[in-house]
Enquirer: 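Can you keep this structure in mind? I'll have questions shortly.
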Amino acid sequence: MQQNPPAAPQPRQTFEALRHDLQEAQARLSRWGQVAQDYAQRYADELAPLETMEVELKARLVLCFDHACKQKELSKGQRQLASEIAAQLADETLCSLELDGTPGECDLAKLKAVYRKHAGSDFDADYADERGAADALAEEPPAALPPADAPALPEEAGALEARLAEVRAAVAGAERAFKARYRFDPEQSIDPADLMEDLEAEIADVREYIGELEFELAQFVDMQQVKAWLDAMKQQMAAQRRREARR
């Protein structure tokens with residue numbers, strides 16, 4: 001027996017569905033507008049200064065590990081580990097300064113020389129593509145956000161569809177601009193309702209990491225402390241590799 005095709009939505013149903021979608025899109029656009037202001041203020045007041053402190057501490061630590069590689073009190077294995085850490089930290093620090101645009105009073109030429117010495121390659125050459133992408137993002141103009149409370153629309157589905165498309169485009173533009181400004185993964189899904197809580201957690205994480213960096217710098221007061229610390233780190237890395245091998 002032939003079944004009848006499902007009935008097409010009635011014009012009123014279509015209209016109500018479009019109006020609902022438009023209200024949701026406008027609410028999301030409004031949330032983006034508010035959270036962008038709140039996030040920018042909290043970021044500038046708290047996270048940005050912490051990121052500068054972090055990158056400056058890491059730059060000092062890079063030079064400490066580079067210096068340790070020359071110390072005869074360290075064994076060959078300890079000097080090799082110090083060299084690996086120097087290369088990794090130099091890479092992270094230069095990426096923060098050059099690609100992410102984190103401000104900091106650091107000697108870029110010296111950091112690049114340490115990177116070249118311990119990584120065996122040139123930082124600018126290694127990250128030429130990433131630098132081009134970062135420059136392109138920096139030059140992208142900020143998204144223009146239309147007001148969420150648009151003028152009254154005619155009671156027609158076509159007008160609602162046009163307005164819905166406009167608001168959704170504005171939401172997408174606001175999200176792209178936010179990701180570019182704060183170095184989020186372009187493919188990452190972001191809910192503006194979660195951003196302030198995530199920022200709070202990130203501030204706490206950076207503060208904790210700064211404490212770790214300050215502790216590590218304090219070890220370099222005494223080369224015997226450096227030796228003990230490198231040995232402990234080597235054991236931790238070996239244990240981590242064993243755990244990963246068992247998975």
Side-chain angles (χ1 to χ4, degrees), residues 46-135 182-183 185 201-247:
E46 296 190 51
L47 185 56
L50 290 172
E51 288 181 332
T52 293
M53 185 183 301
E54 175 191 330
V55 78
E56 290 177 350
L57 287 170
K58 287 174 79 171
R60 289 172 55 193
L61 202 54
V62 168
L63 301 182
C64 287
F65 277 108
D66 177 53
H67 178 72
C69 293
K70 308 167 189 174
Q71 304 308 304
K72 294 183 179 179
E73 300 100 303
L74 271 62
S75 68
K76 182 178 179 180
Q78 289 168 337
R79 291 197 298 272
Q80 176 61 35
L81 179 56
S83 176
E84 293 173 6
I85 296 173
Q88 178 182 338
L89 280 175
D91 179 273
E92 294 174 4
T93 305
L94 286 167
C95 283
S96 294
L97 292 165
E98 297 259 288
L99 302 184
D100 294 341
T102 304
E105 294 185 6
C106 306
D107 189 332
L108 286 174
K110 186 175 289 187
L111 289 171
K112 289 181 179 180
V114 172
Y115 178 90
R116 188 162 49 249
K117 174 181 176 182
H118 295 285
S121 58
D122 181 77
F123 178 83
D124 290 329
D126 289 348
Y127 286 92
D129 291 342
E130 288 83 350
R131 187 189 299 276
D135 291 343
Y182 297 105
R183 307 186 297 276
D185 183 344
E202 187 173 1
I203 289 170
D205 288 345
V206 174
R207 283 193 176 124
E208 182 178 353
Y209 186 42
I210 285 173
E212 294 173 4
L213 292 172
E214 290 173 335
F215 171 80
E216 292 170 6
L217 279 168
Q219 306 309 301
F220 285 90
V221 174
D222 182 355
M223 198 52 61
Q224 292 304 314
Q225 290 182 190
V226 175
K227 287 168 63 71
W229 183 58
L230 286 170
D231 286 341
M233 182 175 292
K234 185 176 182 179
Q235 292 173 4
Q236 290 176 3
M237 293 169 65
Q240 183 177 353
R241 285 194 293 267
R242 288 195 297 270
R243 287 194 297 270
E244 292 174 351
R246 289 196 295 267
R247 291 175 184 172

Enquirer: What pairs with Glu73 under side chain to side chain donor-acceptor pair (under 3.5 Å), at least two apart in sequence or on another chain?
Expert: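 Glu73: no side chain to side chain donor-acceptor pair (under 3.5 Å) contacts found.
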Enquirer: Do any side-chain atoms of residues 106-115 form donor-acceptor pairs under 3.5 angstrom with protein atoms, and if so which ones, sequence neighbours left out?
Expert:
{"from": "Asp107", "atom 1": "OD1", "to": "Ala109", "atom 2": "N", "distance (Å)": "3.3"}
{"from": "Asp107", "atom 1": "OD1", "to": "Lys110", "atom 2": "N", "distance (Å)": "3.1"}
{"from": "Lys112", "atom 1": "NZ", "to": "Glu98", "atom 2": "OE1", "distance (Å)": "3.0"}
{"from": "Lys112", "atom 1": "NZ", "to": "Asp124", "atom 2": "OD1", "distance (Å)": "3.0"}
{"from": "Lys112", "atom 1": "NZ", "to": "Asp124", "atom 2": "OD2", "distance (Å)": "3.2"}
{"from": "Tyr115", "atom 1": "OH", "to": "Asp126", "atom 2": "OD2", "distance (Å)": "2.7"}

Enquirer: Using the test side chain to side chain donor-acceptor pair (under 3.5 Å), find all partners of Glu56 that sit at least two apart in sequence or belong to another chain.
Expert: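 In terms of side chain to side chain donor-acceptor pair (under 3.5 Å), with neighbours along the sequence ignored, Glu56 is linked to no residue.
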Enquirer: Mind jotting down which residue pairs meet the ring-ring contact (aromatic ring centres under 6.0 Å, His included) criterion with at least one end in residues 227-247? Sequence neighbours excluded, please.
Expert: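 Only Phe65-Trp229 qualify under ring-ring contact (aromatic ring centres under 6.0 Å, His included).
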Enquirer: Can you pull the side chain to side chain donor-acceptor pair (under 3.5 Å) pairs that have at least one residue in residues 77-87, sequence neighbours excluded?
Expert: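 Pairs touching residues 77-87 that pass the test: Ser75-Gln78, Gln78-Lys227, Gln78-Asp231, Gln80-Glu84, Ser83-His118.
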Enquirer: Go through the structure and list residues passing salt bridge (Lys or Arg N to Asp or Glu O under 4.0 Å) with Lys70, not counting sequence neighbours.
Expert: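 Asp66.
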Enquirer: Which ring-ring contact (aromatic ring centres under 6.0 Å, His included) pairs, counting each pair once, include a residue from residues 83-113, with sequence neighbours left out?
Expert: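 Listed by first then second residue: nothing to list.
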Enquirer: Do any pairs count as a ring-ring contact (aromatic ring centres under 6.0 Å, His included) and have a residue in residues 74-110, sequence neighbours left out, and if so which ones?
Expert: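 Sorted result for residues 74-110: empty, none.
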Enquirer: Once side chain to side chain donor-acceptor pair (under 3.5 Å) is applied, do any residues pair with Arg183, and if so which ones, sequence neighbours excluded?
Expert: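 Residues passing side chain to side chain donor-acceptor pair (under 3.5 Å) with Arg183: Glu51.
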Enquirer: List the residues meeting side chain to side chain donor-acceptor pair (under 3.5 Å) with Tyr182, not counting sequence neighbours, and say none if there are none.
Expert: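 Residues passing side chain to side chain donor-acceptor pair (under 3.5 Å) with Tyr182: none at all.
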Enquirer: How would you list, by chain and number, every residue that makes a salt bridge (Lys or Arg N to Asp or Glu O under 4.0 Å) with Glu54, sequence neighbours excluded?
Expert: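 So Glu54 forms no salt bridge (Lys or Arg N to Asp or Glu O under 4.0 Å) with any residue.
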Enquirer: Using atom types as modelled, flag every donor-acceptor pair under 3.5 Å from a side chain in residues 207-220 to any protein atom, sequence neighbours excluded.
Expert:
{"from": "Arg207", "atom 1": "NH2", "to": "Glu46", "atom 2": "OE1", "distance (Å)": "3.4"}
{"from": "Gln219", "atom 1": "NE2", "to": "Phe215", "atom 2": "O", "distance (Å)": "3.0"}

